Trainee: 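Pasting in a structure now, in structure tokens, and then I'll have a few things to ask.
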Amino acid sequence: MEVCALKYDFASIEPKWQKKWEEAKVFAAADKSDKPKFYGLIEFPYPSGQGLHVGHPRPFTAMDIVTRKRRMDGYNVLFPIGFDAFGLPTENYAIKNHVHPAIVTKQNIANFTRQLKMLGYGFDWDRVVDTTDPDYYKWTQWIFLQLYKHGLAYKTTMPVNWCTSCKCVLANEEVVEGVCERCGSPVIRKEKSQWMLKITAYAQRLIDDLDDVDFIERVKIQQRNWIGRSTGAEVTFKATTGDDIVVFTTRPDTLFGATYMVLSPEHALIKKWAPVLKNMDEVTAYQKAAASKSDLERTELNKDKTGVCLDGVKAVNPVNGREIPIFISDYVLATYGTGAIMAVPAHDDRDWDFAKKFGCEIIEVVSGGEDVQKAAFTAKDDTGILVNSEFLNGLTVKQAIPVITKWLEEKGIGRAQVNYKLRDWVFSRQRYWGEPIPMVWCDKCGWQPLPEDQLPLLLPEVESYEPTDDGESPLSKMTDWVNTTCPCCGGPARRETDTMPQWAGSSWYFLRYMDPRNDKALASKEALDYWSPVDWYNGGMEHTTLHLLYSRFWHKFLYDIGVVPTKEPYQKRTSHGMILGEGGEKMSKSRGNVVNPDDVVKNYGADTLRLYIMFIGDFEQAAVWSDNAVKGCKRFLDKVWNLAESCDPSPEHTPANEAGLHRTIRKVADDIEGMKFNTAIAAMMTLVGDFQKNGCSRGDMKTLLTILSPFAPHICEELWEMLGGEGFVCNQSWPAYDESKTVADTVQMAVQVNGKVRANIVVPAGADNDAVVAAAQADPKVQKFTAGMSLVKSIVVPGRLVNLIVRPQ
RNA sequence: GCGGGUAUGGCGGAAUUGGCAGACGCGCAGGAUUUAGGUUCCUGUGGAGCGAUCCGUGUGGGUUCGACCCCCACUACCCGUACCA
């Protein structure tokens, strides 16, 4: 009878080691340590009712590998986890099922926790944070108060994005193609009084400080584009009524070509001019039409310019004194620049379209393009030369801009100006499940911040979580809660009933991990000094212009008021690609192609899932899930298991495996650093193939288990124990490799004749070029192609190939 | 339109950054084990050709002894953004 080998029983091995790690607290970060610190961060999940999606394990496993590797390299590692638990889906579920969102949240967090533990991540579970915990949101509210006290939070009435279905204000970032990002309903403009955060005050620093951090380039580019800095000039035009009309332009050089002006429909001067406008009815009608258009309609109609010419008032071009007409049109945005433009149809596509439709004059002031009556000439470089522009004539565009800017400054009618696309952050939500904004309205004293000793301002219990029909938060119906006393005069006052957006809690959570149970501060100074900044933060590209930008803003503010020690929160930022369903489509319930990690773990084990999700392809690219390919990773682990059981008991390395082992140690280390997890795994698969061919020793296996353990930690712990290893494999040092041992004694080199591969030769590793050429020429297959030819030149790439260039004699 | 990215076997993807294209895995084919299926283990697997060989990295040019890689001109798809003056 053959002895039946122990089967690779992942279902019992995995929980066993998860329990042992937890009991031994192997992943707990030390608050003080002689070791260098490493803070690795993943974006904490939103605990949805659906549980973990297979998209989650990709970044989580990647950072788990990185942090496990860092621990083996001797770092004191902080790798925390938490839950970003405020937000609409939970609230919507609560509305539908009449359960308190806090209860739903608790259940969902429990389920997420179970799933995350099931995958064997080395999180420090003693530092879990939950943004809906009053001990946490106390500090979210505290930060808001500091922003308010420093003039960075203000309330204003402004047109906001209003979701017609959620009955809620949305940030610009939450409006996707004119519809609500969450529910897909049309978004319209609505005037509402909103709390705003002045992120625009940090626009320049948010651009400049990107130079000091190690973010992948596309993240930097996307943030810069989103902030949208443009330089130009502000110019004041006089209206015939005597009013000043200030415009922003990036092309002050084209001022002589400004043949009309356009104001946004919301521009304040229109109201002022009402008495003198002969066509005020038409103007009012246009304003109304523009306001009621949804964003969707605006963008759909953006090819066709509309507008109304103001009858009764004109503007004067300050450079030549010419009177020019003024229009209103919705192609000029109230929220950018000054809400008014000078139109230069000869050199701007939009102005050109408008001018053609409304019959405005088109005057060329930059030559070098085609006929400006047929198309606008918009080149901003040195290809164009100024004409019809008096003192600017003969200059290039680049030369003309400083000249005209200086001229405007001297005349007192303009100055250089920088503008940003970035707008202030709309911070109010008319929703229940968010942090209450700690502000009180007093008819006598105005808005008053809640005294800090009254924090946290708790969310009260309400009967219904639905917003009111007029768009007020459900909190507005809680009379007992709303009515309070003014912190300033003690008189009757009302609380703010809006709550904060979901982005609030996630804007600083990484700081709380450093000192999660502190009740005196968001984190102690010692903890902040020790752990800041986050060394490596991996997250999705979809958060580049939202969470990532918001949290950089908050962090810079906290830096300015002396709370945090670094200007930037994150030293390094990387990003992963999406996991798509089979067929290459986004995974979604409606498509029925969602893969549940629970099922994969049940069928193949967590180690196989971890390995597969890292092997699936380039970490930064989107990748398609394949049930079949998962099996390949399971087979690999089976082979590892079988080899460990059958290996030679020698603690030494098998000579035949020596070079492969050293090479793989180096390759896996380099690949983890470069997030090339797929090729790291491929290299270990190749090594295992070599073990099968060459045979392997216990020493070989233990080295393999050490470098495989960040990827597939459970099976490696089990086999490590089985082979008599000391302690946990995850606590071992990363094996050293010997550069000299990574090369074999002999190398195979390709021989090319005139650039075509004709043979392969084996030469000693250090062979010099002459010897290599001689060996190549001696090869019979090569001689077939060199017979009767003379050698003109030979190129030797050591260890790779030799190319013989020959010509007929 | 603008910004970013991608294009390599039947499929997912490699290629030391200018040096043997297709590593590794899936799938497929043949064989061994098995009563059978599954598992496991060999062997083969870019295309054409009996063959020596020839052709092959989206398209068309170029540089080079040598190009998936660099340059020029295109095409297709994906992501972001959208009248930002």
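All chains are named by letter (A, B, ...) in the order of the sequence lines, taking the proteins before the strands, and each is independently numbered beginning at 1. These figures come from a predicted structure and were not determined experimentally.
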Trainee: For RNA chain B, list all stems, counting runs of three or more consecutive pairs where every pair is Watson-Crick or G-U wobble with both distances under 3.5 Å.
Mentor: B:1-7 with B:75-81, B:10-12 with B:24-26, B:27-32 with B:40-45, B:46-48 with B:53-55, B:58-62 with B:70-74

Trainee: So, is the end of the A:R758 side chain (NZ or CZ) under 6.0 Å from the ring centre of A:F785 and within 45° of the ring's axis?
Mentor: yes

Trainee: If you apply the rule side-chain contact (heavy atoms from CB on, under 4.5 Å), what do you find for A:V806 with A:V792, and how did you get there?
Mentor: CA-CA 5 Å; A:V806 294; A:V792 182; 5.7 Å; no

Trainee: Between the side chains of A:D9 and A:K7, is the shortest nitrogen-to-carboxylate-oxygen separation below 4.0 Å, so that they form an ion pair?
Mentor: no

Trainee: Quick one: classify the glycosidic conformation of B:U17 as syn or anti, with syn meaning within 90° of 0.
Mentor: syn

Trainee: Is the closest basic N to carboxylate O distance between A:K357 and A:D304 below 4.0 Å?
Mentor: yes

Trainee: Is the shortest side-chain N/O distance from A:S329 to OP1 or OP2 of B:C83 below 4.0 Å?
Mentor: no

Trainee: Distance check: side-chain N/O of A:K421 vs OP1/OP2 of B:G3, anything under 4.0 Å?
Mentor: no

Trainee: Rounded to whole angstrom, note down the C1' distance from B:A82 over to B:G4.
Mentor: 15 Å

Trainee: Could you run down the sub-3.5 Å N/O contacts of the protein with nucleotides 61-70 of chain B?
Mentor:
| from | atom 1 | to | atom 2 | distance (Å) |
| --- | --- | --- | --- | --- |
| B:C65 | O2 | A:N803 | ND2 | 2.6 |

Trainee: Can you tell me how the ring of A:W425 sits relative to the ring of A:Y550, calling it parallel under 30°, perpendicular over 60° and tilted otherwise?
Mentor: parallel

Trainee: Within the 4.0 Å limit for protein heavy atoms, which parts of nucleotides 39-48 of chain B are touched? Write it as a string from 5' to 3', B for base, S for sugar-phosphate only, - for none.
Mentor: -SS-------

Trainee: With a 4.0 Å cut-off on N to O distance, would you call A:E361 and A:K356 a salt bridge?
Mentor: no

Trainee: Apply side chain to side chain contact (heavy atoms under 4.5 Å, CB included) to A:S626 and list each qualifying residue two or more places apart in sequence or on a separate chain.
Mentor: A:Y612, A:N628, A:A629

Trainee: I'd like the P distance from B:G27 over to B:G18, given in whole Å.
Mentor: 36 Å

Trainee: If I pick the P atom on B:C70 and the same atom on B:A15, what distance separates them, to the nearest angstrom?
Mentor: 14 Å

Trainee: Could you tell me how far B:U43 sits from B:U33 if I compare only their C1' atoms? Round to whole Å.
Mentor: 15 Å

Trainee: What interatomic distance, in whole Å, is found between C1' of B:A36 and the corresponding atom of B:G47?
Mentor: 38 Å

Trainee: Please state the C1' separation for the pair B:G30 and B:G49 - nearest whole angstrom.
Mentor: 22 Å

Trainee: Dump the pairs, protein N or O against N or O of nucleotides 29-34 of chain B, anything under 3.5 Å, distances to one decimal.
Mentor:
none

Trainee: Which value, in whole Å, describes the distance between the C1' atoms of nucleotides B:C78 and B:C83?
Mentor: 25 Å

Trainee: Return the value, rounded to whole Å, for the distance between atom CG of A:N419 and atom C1' of B:A85.
Mentor: 9 Å

Trainee: With nearest nucleotide decided by heavy atoms, which residue, A:G228 or A:R218, maps closer to the 5′ end of RNA chain B?
Mentor: A:R218

Trainee: For nucleotides 11-16 of chain B, just jot down a letter per nucleotide in 5' to 3' order: B, S or -, based on protein non-hydrogen atoms under 4.0 Å.
Mentor: -BSS-B

